[in-house]
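Down below is the structure, laid out as structure tokens.
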Amino acid sequence: MAEKEVIKRLSAEVERLIADHERIAAECRALQKERDRLQGEKHRLEERVREQETRLKSMELSEE
């Protein structure tokens with residue numbers, strides 16, 4: 001009987017670990033997707049800053 005309880009307990013633990021793994025893997029995928037989105041936004045904003053700096057320099061030169 002004790003062996004059956006050990007097997008039952010181990011089986012429950014394995015199921016819990018599998019469920020944890022699946023949950024963490026899904027969270028990891030979501031975080032990777034968010035990271036990619038934020039990197040894209042960062043690149044767009046950096047490009048916008050460069051464009052504005054170029055525009056500002058051009059305006060400064062035209063005032064001279």
Side-chain angles (χ1 to χ4, degrees):
M1 289 285 192
E3 289 178 15
K4 287 184 180 181
E5 287 301 316
V6 169
I7 291 171
K8 188 175 178 181
R9 193 178 64 221
L10 287 174
S11 178
E13 182 67 12
V14 167
E15 288 179 19
R16 185 189 66 79
L17 289 171
I18 290 170
D20 285 350
H21 171 74
E22 290 172 351
R23 179 184 53 81
I24 291 169
E27 185 176 346
C28 184
R29 286 189 299 274
L31 289 171
Q32 288 171 334
K33 186 176 179 180
E34 177 70 2
R35 180 206 58 206
D36 293 345
R37 185 189 67 77
L38 290 171
Q39 284 178 336
E41 183 178 347
K42 176 182 174 257
H43 290 300
R44 284 188 296 277
L45 291 171
E46 288 171 339
E47 180 61 29
R48 186 172 175 202
V49 167
R50 282 190 292 275
E51 290 170 357
Q52 294 298 322
E53 286 173 342
T54 300
R55 185 173 175 228
L56 178 61
K57 287 178 185 177
S58 175
M59 292 173 74
E60 288 172 344
L61 288 174
S62 67
E63 288 179 359
E64 292 179 0

- Counting only heavy atoms not in Arg35, do more than 12 sit closer than 6.0 Å to its CZ atom?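 Yes, the 6.0 Å shell around CZ holds more than 12 heavy atoms from other groups.
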
- Atom pair CD (Glu63) and CG (Leu61), whose distance is rounded to the nearest 0.5 Å: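 It comes to 9.5 Å.
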
- Query: Could you state the interatomic distance from CG (Leu31) to CG (Asp36), rounded to the nearest 0.5 Å?
  - Reply: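 CG of Asp36 is found 11.0 Å from CG of Leu31.
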
- Task: Any side chain to side chain donor-acceptor pair (under 3.5 Å) involving residues 9-21? Give me the pairs, sequence neighbours left out, ordered by first then second residue.
- Result: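 Sorted result for residues 9-21: Glu13-Arg16, Arg16-Asp20.
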
- Going by an N to O cut-off under 4.0 Å, is there a salt bridge joining Glu34 and Arg37?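 Salt bridge: yes.
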
Please tabulate, for side-chain N and O atoms in residues 50-58, each donor-acceptor pair with protein atoms closer than 3.5 Å (sequence neighbours left out).
{"residue": "Arg50", "atom": "NE", "partner": "Glu47", "partner atom": "OE1", "Å": "3.3"}
{"residue": "Arg50", "atom": "NH2", "partner": "Glu47", "partner atom": "OE1", "Å": "2.9"}
{"residue": "Thr54", "atom": "OG1", "partner": "Arg50", "partner atom": "O", "Å": "3.0"}

- Query: Do the side chains of Lys4 and Lys8 get nearer than 4.5 Å, heavy atoms only?
  - Reply: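 A side-chain contact under 4.5 Å is absent here.
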
